[in-house]
Amino acid sequence: MAIPSKFNASLVEEKWYAYWMEQKYFASTPDERESYSIVIPPPNVTGVLHMGHMLNNSLQDILIRRARMKGLNACWVPGTDHASIATEAKVVARLKEQGIDKNDLSREEFLKHAWEWTDEFGGVILQQLKKLGCSCDWDRTKFTLDSDMYESVIKVFVDLFNKGLIYRGYRMVNWDPEAQTTLSDEEVIFVEKPGFLYHIAYAVEASDEKVIIATTRPETLLGDTAVCIHPEDERYTHLKGKRVIVPIANRSIPIIEDEYVDREFGTGCLKVTPAHDINDKALGEKHQLEVIDIFNADATLNSFGLAYEGKDRFVVRKEIAKELDASGALVKQEPYNHNVGTSERTKAVIEPRLSDQWFLKMEDLAKPAIDAVLNSDEVNLVPSKFNNTYRHWMENIRDWNISRQLWWGQQIPAYYFGDAKEDFVVAETPEEALALAQKKSGNDALSSEDLRQDADVLDTWFSSWLWPISVFDGIRHPENDEINYYYPTQDLVTGPDILFFWVARMIISGYEYRKEQPFSNVYLTGLVRDEKGRKMSKQLGNSPDALKLIEDYGADAVRVGLMLSAAAGNDLLFDENLCQQGKNFANKIWNAYRLIDGWEVEDKASPNAQNAEALDWYENKFNATLSTIEDHFEKYRISDALMAVYKLLWDDFCSWLLEAVKPAYGSPIDVASLKRIKVLFENNLKLMHPFMPFLTEELWQHMGERSKEEALMISAWPKVGKVDQASLDAFELATKIVSGVRNFRKERNISHKEALQLYVVANADQVSYHALIKKMAGVEEIHWVEKAPEESGASFRVDTFECFIPLAGNVDAAAEKAKLEEELKYAKGFLQSVRKKLENERFVSNAPDKVIEMERKKEADALEKISVIEKSLATL
RNA sequence: GGGUGUUUAGCUCAGUUGGUUUAGAGCGCUACCUUGACAGGGUAGAGGUCGGGGGUUCGAAUCCCUCAACACCCACCA
């Protein structure tokens, strides 16, 4: 059967994926084997596969496939996240296109639209992961809003509330006026924006004097309830106890004193707006100031905005500046760059706002999670440099604002039954809530009609922080077989950008609800950047279409391309050339198979010398490499592991082994050698399979008739065999001789086809792999001699052995001499550097014996080499 | 402002507690070869005073100090 000379990925990928699925190879159920589980970082349900997903899911697939082959019960749980803000924003935008305003809909109507959207686009990303070859147990696919997952979240909320860890607080929060919801601190991105520092004069009451304050937000002066000076600022001492008039508003407010004021900044005089600035709020509380909130939820001004009511904050800023200028109150307006908080999702400028929110107390919860990473090593961050970042955040952790003013999410299970602040109960169901409310109010007549559930939903992360537990239903049924079997999971692969959002919180919930870490290792990938080092983004348009890449290069090639430059924790500069390299590699392996497959077989022939030598060596080399690969995997050096496989296959297997055993054209290979080669090739395929699942499965099936139970993906990972280091060293010497001869040919333009005679000044038993040297170097005969023959020819040196090749034609004596002299110069220089050390008494007396011994050996070798070169020079 | 980390060949990176030949890999580059697996191939080669300066040591890419550039995280002074 003719096999095409190029590997065509598109012809095999779908076939094998379907086959693996049919055979249920991805599925896992608890059994007597040891478990190995990974939970996927759930992508947004409406998301589309991008390079970051490709990277971390390739990594997860590599880990899970290897574990599976190692005989562990491997389980990779896939799923998606409802991503409350992002999804709700998309749904709102879509409704807007259809001419529907969210505010005109009831909660139920809106949720119906949101579910329609989810059903339509949701899970596309999971289908895309299949194209990449991901071996997830799809039967276990979870969605954070599935009813069981929803229930788990509610149960946890109620539990934490009952433990006194969740509380309701009137706090200043980050308000996104566009999404009209609260954001956690982590969702606020500070961006440096150009603005102005406005110097505004406030008239001192009952005086002609004015006091100048500096602000970047003149529009908030309508909410001012004090002006603050530093108590020891002599410039303002005379103003203590006086009052000033707020321009425009014409209100009288007090001058207060606080050391919070930085005397160096601006005018050293600060206006205080407790409703709209976190620091001002603190000042306001301290000095018991009035709070005037001037904004509506959409950041337009409310009735406190007076004439500006209904206008947007940024419009008002300009107009107020104008009005102040007109009245002479605007003293100065200088350009000033400052950091402005913006919403991660909507990019809107955040408005600090006071409102009722739900909070989770974090300090005590965080303690076991700090210990797990920093002391007990129950959770291991890879690379460990993130430990410091983790510590810093965890030790300064603040209470988590978990409520969001959205509809898409788990609705907070708090039920209000009266108007007083404490007239509410928290319960898993409305029925339980009613009972609790009746009890709390002492009013048995209270009916479900009288209960009003909190309108807010929970932060998305409040459901995903339970992910490793809830996917195994460990919240609702803490003793079920699955959670007991699969939890804790082993490895988590994700980006460092969600170390706090998600990873830290999962560790926290793990200890709170399972008394155990959720995973042992966290592999933190880097960001995928483009070849110029820029972050990939839609705006820049520099993010390649992930699916197009798979189409163009094949999934295996893209996986290899990504892994080649993906050291843990380091950003990777993605270059499409890497996919090309992956594709070339796939093709190389494909052709290695074609070669083996095309050989004629001779039943009777017994292995010739170089076949036996080469095969023995490769078995050895394979084991040595496997052992380093295992070491790389243990340290999560995945790209190093791949590189080791890459070199084993390309250099050792193809360039040395196959070239060595390749029969002459038209000649057959002996059956024994071929059999060994095939076994070795199959072992190679196993090592490559986690990286290139499709190609390897295809070739595995070509290797022979296989029954269904013999798919490569469930075959046994090779075990590290014995490594004979001396034999590997001997092979290396042989390859150096081969290289020497090749070099010799190249320098003199001697064709590879022309057979040469090789003289080596050595005993035959000092060098191994004679047959292999002859074949690979195109040498007809190796002569083991005591001294180079005195005839026309040229020499070269390998280690301390002199090699000589006679040449019938003219030898360029001058060129040979120059070359030898160059070599001599190097050897002498080297000798000198070694001797410098050895002649240093302090070195000899202080350095360990082993080091000195090594230096002496270097010296002896150099001396011998020098003498060999000098002898050669003399004969010229 | 505080913190963490990075800086080694043209590019992307290794270099494990300072010492196995005056630094390694992959890609790229150069020359040549190649009509019997693969031109997406082969063989060989060039290319680095390990960011600058100082120090410790018999010995430093590796440890210490200092400077510089870059990256990320945290906080945020109106």
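Computed from a prediction, not measured in an experiment: that's the story for all the values here.
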(request) Give one of base, sugar-phosphate or nothing for K850(A), where a contact means two heavy atoms less than 4.0 Å apart. (result) nothing

(request) Say whether Q580(A) and N584(A), considering side chains only, have a donor N or O and an acceptor N or O under 3.5 Å apart. (result) yes

(message) Roughly how many Å apart are U22(B) and C27(B), using the P atom of each and rounding to a whole number?
(response) 26 Å

(message) Looking at K858(A) and E855(A), is there a salt bridge between them, counting it only when a charged N and a carboxylate O are closer than 4.0 Å?
(response) yes

(message) Taking atom CD as the centre, does E600(A) end up with more than 12 heavy-atom neighbours from other residues, nucleotides or ligands that are less than 6.0 angstrom away?
(response) no

(request) Provide the distance between the two C1' atoms, one in U6(B) and one in G28(B), to the nearest whole Å. (result) 24 Å

(message) Counting only side-chain heavy atoms from C-beta out, which of G40(B), A78(B), A14(B) sits nearest to T215(A)?
(response) A78(B)

(request) Sticking with atom C1', work out how far G26(B) lies from G47(B), rounded to a whole angstrom. (result) 15 Å

(message) Stem list for RNA chain B, please, built from Watson-Crick and G-U wobble pairs under 3.5 Å and keeping only runs of at least 3.
(response) B:1-7 with B:68-74, B:10-13 with B:24-27, B:29-33 with B:41-45, B:51-55 with B:63-67

(request) Determine the Euclidean distance between corresponding P atoms of A9(B) and C67(B); express it in Å to zero decimal places. (result) 25 Å

(request) Can you check each nucleotide of nucleotides 43-49 of chain B against protein heavy atoms at under 4.0 Å and return B for base, S for sugar-phosphate only, - for none, in 5' to 3' order? (result) SSS----

(message) By the 4.0 Å heavy-atom rule, please label F190(A) as base, sugar-phosphate, or nothing.
(response) base

(request) Return the nearest nucleotide to the side chain of A592(A); candidates are G41(B), G26(B), A37(B). (result) A37(B)

(request) Compare side-chain N and O positions of R398(A) against OP1 and OP2 of A75(B) and report whether any pair is under 4.0 Å apart. (result) yes

(request) Would you indicate, yes or no, if G42(B) has its OP1 or OP2 atom less than 4.0 angstrom from a side-chain nitrogen or oxygen of K588(A)? (result) yes

(request) For nucleotides A46(B) and A23(B), find the distance between their P atoms and express it as a whole number of Å. (result) 13 Å

(message) Under 3.5 Å, is there any donor-acceptor pair linking the side chain of E659(A) to the base of A37(B)?
(response) yes

(message) Using the side chain to side chain contact (heavy atoms under 4.5 Å, CB included) criterion, which residues pair with V560(A)? Sequence neighbours excluded.
(response) L564(A), L642(A), M692(A)

(message) Is it the case that atom CD in Q725(A) sees more than 12 heavy atoms from other parts of the structure closer than 6.0 Å?
(response) yes

(message) Taking G24(B) as the reference, what is the distance to U62(B) when you measure between their C1' atoms (whole Å, please)?
(response) 15 Å

(request) Under 4.0 Å between any heavy atoms, over every strand shown, what does C654(A) touch: base, sugar-phosphate, or nothing? Just pick one. (result) base

(request) Anything under 30° is parallel, anything over 60° is perpendicular, the rest tilted; go ahead and classify F585(A) against Y646(A). (result) tilted

(request) Identify which nucleotide among A37(B), G19(B), A78(B) has an atom closest to any side-chain atom of P848(A), counting heavy atoms from C-beta outward. (result) G19(B)

(message) Checking contacts here: which listed nucleotide (G5(B), C38(B), C74(B)) is nearest the side-chain heavy atoms of N587(A)?
(response) C38(B)

(request) Indicate whether OP1 or OP2 belonging to C58(B) is found under 4.0 Å from a side-chain N or O atom of N846(A). (result) yes

(message) With hydrogens left out and only the distance checked, is there a donor-acceptor pair under 3.5 Å joining N577(A)'s side chain and the base of C27(B)?
(response) no

(request) May I ask you to verify if any side-chain N or O of Y336(A) is less than 4.0 angstrom from the OP1 or OP2 atom of A78(B)? (result) yes

(request) When you get a sec, tell me which of A37(B), C76(B), A25(B) is the closest nucleotide to the side chain of N339(A)? (result) C76(B)

(message) Using the side-chain heavy atoms of N584(A), tell me which of these nucleotides is nearest: G19(B), G40(B), C74(B).
(response) G40(B)

(message) Taking the minimum atom-to-atom distance to the side chain of Q581(A), which one of C27(B), C76(B), A37(B) wins?
(response) C27(B)

(request) Identify which nucleotide among A78(B), C58(B), G5(B) has an atom closest to any side-chain atom of K385(A), counting heavy atoms from C-beta outward. (result) G5(B)

(message) Is W650(A) close enough to G42(B) that one of its side-chain N or O atoms is under 4.0 Å from OP1 or OP2 there?
(response) yes

(request) Check whether the side chains of K647(A) and T625(A) place a donor and an acceptor atom closer than 3.5 Å, and report yes or no. (result) no

(message) Holding to salt bridge (Lys or Arg N to Asp or Glu O under 4.0 Å), I want the full list of residues that pass it with R313(A), two or more places apart in sequence or in another chain.
(response) E351(A)

(request) For C72(B) versus C13(B), give the span between their P atoms, rounded off to a whole number of Å. (result) 14 Å

(request) Side chain of N591(A) only, please: which of U20(B), A37(B), G26(B) is the nearest? (result) A37(B)

Quick one: side chains of residues 823-833 of chain A, donor-acceptor pairs under 3.5 Å with protein atoms, not counting sequence neighbours, listed by atom name and distance.
from: E823(A); atom 1: OE1; to: R797(A); atom 2: NE; distance (Å): 2.8
from: E823(A); atom 1: OE2; to: R797(A); atom 2: NH2; distance (Å): 2.9
from: S833(A); atom 1: OG; to: F830(A); atom 2: O; distance (Å): 2.9

(request) Would you mind reading off the distance between L838(A) atom CG and G19(B) atom C1', rounded to a whole angstrom? (result) 13 Å

(request) May I ask you to decide whether D631(A) forms a salt bridge with K635(A), counting only side-chain N to carboxylate O separations under 4.0 Å? (result) yes

(message) Can you tell me if R594(A) touches the phosphate of A37(B), counting only side-chain N or O atoms and a distance under 4.0 Å to OP1 or OP2?
(response) no

(message) What is the distance, to the nearest angstrom, from the CG atom on N388(A) to the C1' atom on U4(B)?
(response) 7 Å

(message) For E853(A), is the CD atom crowded, meaning more than 12 foreign heavy atoms sit under 6.0 Å from it?
(response) no

(request) Rounded to the nearest angstrom, tell me the gap between atom NZ in K828(A) and atom P in U21(B). (result) 23 Å

(request) Taking side chain to side chain contact (heavy atoms under 4.5 Å, CB included) as the test, write out the residues that go with F265(A), two or more places apart. (result) L197(A), D262(A), Y336(A)

(request) Can you tell me, in whole Å, how much space there is between the P of A60(B) and that of U20(B)? (result) 12 Å

(request) Give a yes/no answer on whether the side chain of Y826(A) brings an N or O atom under 4.0 Å of OP1 or OP2 in U21(B). (result) no

(request) Give the rounded distance in Å between these two atoms: CZ of F7(A) and P of G40(B). (result) 18 Å

(message) Just to be sure I understand the rule, does G829(A) reach a base, reach only the sugar-phosphate, or reach nothing, if contact means heavy atoms closer than 4.0 Å?
(response) base

(message) From C-beta outward on M643(A), which listed nucleotide comes closest to its side chain: C74(B), G26(B), G5(B)?
(response) G26(B)

(request) Starting from the 5' end of RNA chain B, give me the residue, K825(A) or K662(A), whose nearest nucleotide shows up first. (result) K825(A)

(request) Decide whether Y236(A) and E257(A) meet the rule of one side-chain donor and one side-chain acceptor closer than 3.5 Å. (result) no

